[in-house]
Amino acid sequence: MSYRIEKDSMGEIQVPETAFWGSQTERSRQNFNIGIEKMPIALIKALALVKKNAAKANEATGKLETAISKAIQTAADRIMEGEVNEQFPLSLWQTGSGTQTNMNVNEVIAHLSAEKGVTVHPNDHVNMSQSSNDVFPTAIHIAAVQMIEEQLFPVMKKMIQTLHQLESENEKIIKIGRTHLQDATPVTFAQEISGWRSGLEHSHQMLALTLQELKQLAIGGTAVGTGLNASKEYIELFFNYLNEETDSEFSEDPNKFHALASKDAAVFTSGALKALAANAMKMANDIRWMASGPRSGLGEITIPANEPGSSIMPGKINPTQCEALTMIAVQVMGNDTTVGISASQGNFELNVYMPVIAYNLLQSIELLTDGLRSFNQHCLVGIKANQEKMSQYVEQSLMLVTALNPYIGYDNGAKIAKKAFEENTTLKQAALALGLVTEADYDAWVKPEQMLGK
C-alpha cells in the first residue's frame, strides 16, 4: 500500500494514499483498533448536515469566504448522499466526546473540497464556530429525529393499518380469553388484536413526545457551554438554514451546560423505544402462542409458512418472524440500559460516553424499523383465524361460569366449575347436577356472545 505524509500539531503520520481522511483520523484508526463496531452512517450524515449549515451561517455572518463555504456544502452533500461511506473507518470505541469522528468528517470534507480546487482547512474552516462537544450531541439528536420520523413512524403506521384490517376481518369471531395462561372469559379475536394495535399507537404517541426534547440541540455551546467563538447571529442563522433544509423545527437548547453534559433526551427516547419493544414482544409472543401446533398446540391461528423450519424434521414450520422480532426487542431493552448508564456519566461540562449512546440509540431505531417492517410483511398480513378451534375452546371453557355470578353468586359458581373439571363434564351438566340453575336459566344466562362487553 502506498502512503502520503500528513502533518498536524503532533507531527507527521503516514496516511493511505487513497484515503480521503487526514492525520487525526489516521491517528484514531491506529490507536483504537478495537472491536467491529463503527460509527453509524446515519450519525456521519447528520454530522455532514451540521457542517453544511454551519458553513452557510458562517458565510452569512462574514466569517467564511463564499468559495470555501460552497465547497464545504458540496462536499457535505456528497457525504449525505452516501458517496463516500467507506471514508469513515473509525471504531466506535474511541474518545467519549466523538472528537475523532468529528475530525474524520472535517478532514473528508476538506479533502473533497481540495479535489474541486478549493483549499479548506478541517479545523479553521469546516469546524468554524464549533466544537466536537456541541457538534457531536447535535448530530446524535438530528440523526435520531430523522430516523424516527422518516423511517420508524411510517413502518409503525403501516403496521397499525394492517391491524385495523385484521380487526375488521375478525370482529365477529369469538375466542376464549386467557389470563395467567389460563382460561378466562370470552373475547372477540378483534378485541385481542385491538390491544396490539393500541400498544403501537401508544408507543407512537410516546415517541412523538420525546421528539420535542430531541429537537433541542446543543449547537452553539462549543467547548464547555459558554459558546466561545460562536456568535448569536451564527446560531440563529444555523437553525434557520437547518430547519429550511430538513423541513423540521429544531431549536437551540436554552441551557448549553445541560446540552453538553446531560443526555436525558436520549434516555427519554430510548425509554420510549423500549416501550415499543415491549409492546412488539407482547404481540409477537401472543401470535406464536396462538399459532402453536399445528396439532399439539393451541392452533387458534395460522401464520404464513415462509421457509422450512427444521434441518431434520420435514414439513416443520416455525414462527420465525416472531422469533426475530422478540430477539430485536431484547436487544433494544439492553441498548436502553446502556444508554441510561452512559447518560449518567456526565462529568462537569461534558458527557464522555456519547459514541456508545449514539450507537445504541440509533441501532434501536434501526432494528425496530426493520423488524416491524419484516414482521408486518411476512407474518401479520397473513394471519388467519381457525374459527373452528376458537369455538371449540370457548365451548369447553369452565370460565363461562362467570356469567352465572350475578344470579347464583361466586361461591356457587366455583362449585360448578370445580365439579365440571373434576368429573370432566360440561358446565351445564355440572350446574344441573348440583341443582343450582334450571336448564332454561342456564341457556338464557350463559351466552358467550353476551359476555364481550360494549
Start with the C-alpha gap between N351 and I357, add the side-chain angles, then the distance that decides, and say whether side-chain contact (heavy atoms from CB on, under 4.5 Å) holds. CA-CA 10 Å; N351 178 286; I357 290 173; 3.9 Å; yes
Considering residues at least two apart in sequence or located in another chain, which fulfil the side chain to side chain contact (heavy atoms under 4.5 Å, CB included) criterion with S23? E6, D8, I13, E107
Going by the rule side chain to side chain contact (heavy atoms under 4.5 Å, CB included), which residues pair with T179 if we only count those two or more places apart in sequence or in a different chain? A184
Donor-acceptor contact below 3.5 Å, side chain [X] vs main chain [Y]:
{"X": "Q130", "Y": "V126", "value": "yes"}
{"X": "T101", "Y": "N104", "value": "no"}
{"X": "N53", "Y": "L49", "value": "yes"}
{"X": "N31", "Y": "R27", "value": "yes"}

Test: salt bridge (Lys or Arg N to Asp or Glu O under 4.0 Å). Region: residues 199-214. Which pairs qualify, not counting sequence neighbours? R197-E201
Where at least one partner belongs to residues 360-376, residue pairs that pass salt bridge (Lys or Arg N to Asp or Glu O under 4.0 Å), sequence neighbours excluded: D370-R373
Quick one: closest heavy-atom pair of T25 and L90, and the distance? O-CD2, 3.4 Å
S397 versus D183, closest heavy-atom pair with distance: OG-CB, 3.9 Å
So, [X] versus [Y]: side-chain donor-acceptor pair below 3.5 Å or not?
{"X": "K51", "Y": "Q73", "value": "no"}
{"X": "H125", "Y": "N106", "value": "no"}
{"X": "K56", "Y": "N240", "value": "no"}

Taking 4.0 angstrom as the limit, do [X] and [Y] come out as a salt bridge?
{"X": "D77", "Y": "K52", "value": "yes"}
{"X": "E307", "Y": "K316", "value": "no"}
{"X": "R78", "Y": "E81", "value": "no"}

Is it the case that over 12 heavy atoms from other parts of the model lie below 6.0 angstrom from the [atom1] atom of [X]?
{"X": "E86", "atom1": "CD", "result": "yes"}
{"X": "E249", "atom1": "CD", "result": "no"}
{"X": "E236", "atom1": "CD", "result": "no"}

Before you tell me yes or no, could you show the steps for I301 and K384 under side-chain contact (heavy atoms from CB on, under 4.5 Å), namely the whole-Å CA-CA distance, both residues' side-chain angles and the distance that decides it to 0.1 Å? CA-CA 5 Å; I301 63 172; K384 299 297 180 185; over 6 Å; no
For a quick test of your reading: what N or O donor-acceptor pairs under 3.5 Å do the side chains of residues 331-345 make, sequence neighbours left out?
| from | atom 1 | to | atom 2 | distance (Å) |
| --- | --- | --- | --- | --- |
| Q331 | NE2 | N335 | OD1 | 3.0 |
| N335 | ND2 | N360 | O | 3.4 |
| N335 | ND2 | Q363 | OE1 | 2.9 |
| N335 | ND2 | S364 | OG | 3.0 |
| D336 | OD1 | S270 | OG | 2.8 |
| D336 | OD1 | G271 | N | 3.3 |
| D336 | OD2 | K274 | NZ | 3.0 |
| T337 | OG1 | M333 | O | 3.4 |
| T338 | OG1 | G334 | O | 3.4 |
| S342 | OG | T338 | O | 2.7 |
| S344 | OG | I341 | O | 2.5 |

Would you mind writing out the side-chain donor-acceptor pairs for residues 219-229 within the sub-3.5 Å range, not counting sequence neighbours?
| from | atom 1 | to | atom 2 | distance (Å) |
| --- | --- | --- | --- | --- |
| T222 | OG1 | L228 | N | 3.0 |
| T222 | OG1 | L228 | O | 3.1 |

side-chain contact (heavy atoms from CB on, under 4.5 Å) between L427 and V446, worked out: CA-CA 10 Å; L427 280 175; V446 182; 5.6 Å; no
For [range], pull every pair meeting ring-ring contact (aromatic ring centres under 6.0 Å, His included), keeping only residues two or more places apart or in separate chains.
{"range": "residues 150-208", "value": "F153-H204"}
{"range": "residues 344-384", "value": "none"}
{"range": "residues 18-54", "value": "F20-H111"}

Once you round to the nearest 0.5 Å, how far does [atom1] of [X] lie from [atom2] of [Y]?
{"X": "L214", "Y": "L217", "atom1": "CG", "atom2": "CG", "result": "9.0 Å"}
{"X": "T99", "Y": "N133", "atom1": "OG1", "atom2": "CG", "result": "5.5 Å"}
{"X": "S194", "Y": "L163", "atom1": "OG", "atom2": "CG", "result": "9.5 Å"}

Applying side chain to side chain donor-acceptor pair (under 3.5 Å), name anything that partners K175, two or more places apart in sequence or on another chain. E192, E300
Are I365 and Q151 side-chain neighbours, meaning at least one heavy-atom pair lies under 4.5 Å? no
Side chains of K263 and P137: does their closest heavy-atom pair fall under 4.5 Å? yes
Sequence neighbours excluded and cut-off under 3.5 Å, please list the side-chain donor-acceptor pairs for residues 35-47, or say none.
| from | atom 1 | to | atom 2 | distance (Å) |
| --- | --- | --- | --- | --- |
| E37 | OE1 | W93 | NE1 | 2.8 |
| K38 | NZ | P89 | O | 3.3 |

Within residues 153-163 or reaching into it, pairs that qualify as side-chain hydrogen bond (donor to acceptor under 3.5 Å, both in side chains) - sequence neighbours excluded: T162-N376
